[in-house]
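Structure first, commentary second.
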Number of protein chains: 2
Amino acid sequence: MARKSTKLAKPSAQSGGHASAATGEVPVSNRTARAMERRAAIVEAAMEEFIARGFAATRLDDIAKRAGVAKGTIYLHFKDKESMFEELVRIVIVPVVARLTALPPPTGSVRDLIEAFASNFLKEVIGTRRGDLVRLIVAEGPRFPAVADFYYREVVSRGIAAMRALIELGIARGEIRQKELARYPQILVAPAMIAVIWQSLFARHAPLDAQEMLRVHLDLIFGERRTT
Amino acid sequence: MARKSTKLAKPSAQSGGHASAATGEVPVSNRTARAMERRAAIVEAAMEEFIARGFAATRLDDIAKRAGVAKGTIYLHFKDKESMFEELVRIVIVPVVARLTALPPPTGSVRDLIEAFASNFLKEVIGTRRGDLVRLIVAEGPRFPAVADFYYREVVSRGIAAMRALIELGIARGEIRQKELARYPQILVAPAMIAVIWQSLFARHAPLDAQEMLRVHLDLIFGERRTT
DNA sequence: TGACTATGACTGACTAGTCAGTCATAAATT
DNA sequence: AATTTATGACTGACTAGTCAGTCATAGTCA
């Protein structure tokens, strides 16, 4: 098996190396930085491919091509396809949760708080690649208990708890009438989730103004808003 | 269910032949009936497998084994794996829609109507194999435009229209306050969809009393119900 | 500073295995 | 016997994962 190769010395050079030379940009210098960049490229490419084709139908060759690396390189960063998928979810989800979690500025009414939250969710998730990831988790969850567990633990249970706290505050302050709502924070969140799914599946058939829908939903919970 | 067939009798002759002779039961005699039975068994088996593993990861061999037929038999009924999946969705969805559609007995309040609808949905879909199918459609939809189109056309758009009509009636009768709700019937349906997904993904982590949640949601829309 | 060596990140041809779809043959039915 | 239906061994295309070999870079020395 002489791997062969050697191939033509492939002098021409263009490649192999990274273009660094020609353009002279050479921003990344040391190896580690380069490796991190590649890892990021792989994660990005993998997300695109998994979202587009689902786990089983995604080819590692395609991920490699899209990331601009050789297939073997993927295995320098991830154990196998499955754990790549699981890590991928973590890598992408964690920062989103962090950002979404870190923004409760304890000011104003509960409705304002929730509205701020919703507006962020709208911007960060609905209709974005991130939203597609959520759909992907719904899709692959049953086959990846690890992913479903992670998602439940890190996103769902936290989100539900946070919403419940907000609802209880709203009830205490008299902003929310329906006391039972605290038992099912899912109701508060449901339209946002539906919006995520709708954008992935039906936007082409019937576009949905998610922002407006969420506003109407909040009006339903808090009562129509007086024109400020 | 109904793995059925053949089995029982199954003398020893495991063989392919059908036991018909031995027991003399010969329930289904003519070919067409037999063929229909087999087709149904294939559909049933395929649904189980697709739900459990997703489209790409499902093996036709497994479907055949589960259905109790040879792989080749599948190809007597379906052109290929892809069109089998598409037909499957139609075959399973159509009767559900028919049943769900056919039940508006024009009696009582709008809330009663919606409640009847919800209770049916609860019984027929949430937490059942059918609910899993819905999740599967959400999962595979983007890769099967034909399925997404069909589902939008036959289920979503009809459902939205029906809900909108109901909401408008409720508004006209003074049962529903929020007039804007008619613009987003999705809000009315969202908790039910969330319940479907929740049961597939998170029931093991945190069971959800879907019926109670839907009741709370209707209370939110119609106002708390007086104890009848 | 320039030349020489050591390192390990990277490559991609290759292997072993999987699975959709076929078709020659067998079984059942007429 | 002729015809229709069912079977399952088989094929060929495809792909996850491997690993011998390459080469850009970091490190060392003069």
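This one's a predicted model, so the numbers in the text were calculated from it and none came from an experiment. Quick note on labels: first sequence line is chain A, next is B, and so on, each numbered from 1.
Taking atom CE on B:Met84 and atom P on C:dA20, their separation rounds to 9 Å, with Å as the unit. Counting to the nearest Å, the P atom of D:dT5 and the CE atom of B:Met36 are 14 Å from each other. The nearest whole Å value for the distance from the CZ atom in B:Arg53 to the P atom in C:dT18 is 14 Å. Remark: P of C:dC23 and CD1 of B:Ile74 are 17 Å apart, rounded to the nearest angstrom. Going from atom OH of A:Tyr75 over to atom C1' of D:dC19 covers 13 Å, rounded to whole Å. Distance, B:Glu82 CD to C:dA20 P: 12 Å, rounded to whole Å. The CG atom of B:Asp61 sits 10 Å away from the C1' atom of C:dG21 (whole-angstrom rounding). Nucleotide C:dG21 holds its C1' atom 13 Å from the CD1 atom of B:Ile63, rounded to whole Å.
Closest-nucleotide positions on DNA chain D for A:Ala57 and A:Thr73 were compared, and the one nearer the 5' end corresponds to A:Ala57.
Among the nucleotides C:dA20, C:dG21, D:dG17, the one closest to the side chain of B:Asp80 is C:dG21. Distance from the side chain of A:Ala70 is smallest to C:dT11 among C:dT11, C:dG21, D:dA16. For A:Leu76, the side-chain atoms get nearest to C:dT11 when compared with the rest of D:dA16, D:dT7, C:dT11. The A:Arg38 side chain lies nearest to C:dC10 when the options are D:dG8, C:dC10, C:dG21.
A:Arg215 is linked by a salt bridge (charged side-chain N to carboxylate O under 4.0 Å, His left out) to A:Glu212, A:Asp219, B:Glu180, counting only residues two or more places apart in sequence or in another chain.
In the interface, the side chain of B:Lys71 is paired with the base of C:dG21 through a donor and an acceptor atom under 3.5 Å apart.
Of all non-hydrogen atoms in A:Leu122 and A:Ala210, the two that sit nearest each other are CD1-CB, 3.8 Å.
Within the 3.5 Å criterion, the main-chain N or O of B:Val69 finds no donor-acceptor partner in the side chain of B:Thr73.
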Check residues 87-99 of chain A and write down every donor-acceptor pair under 3.5 Å in which the side-chain atom is one partner and the other belongs to a residue at least two apart or another chain.
from: A:Glu87; atom 1: OE1; to: A:Arg39; atom 2: NH2; distance (Å): 3.1
from: A:Arg99; atom 1: NH1; to: A:Glu124; atom 2: OE1; distance (Å): 2.8
from: A:Arg99; atom 1: NH1; to: A:Glu124; atom 2: OE2; distance (Å): 2.9

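Comment: B:Glu49 does not engage B:Arg59 in a salt bridge, judged by the lack of any side-chain N to carboxylate O separation of less than 4.0 angstrom.
Backbone-only engagement by A:Leu60 is indicated by non-hydrogen atom pairs under 4.0 Å involving sugar-phosphate atoms exclusively.
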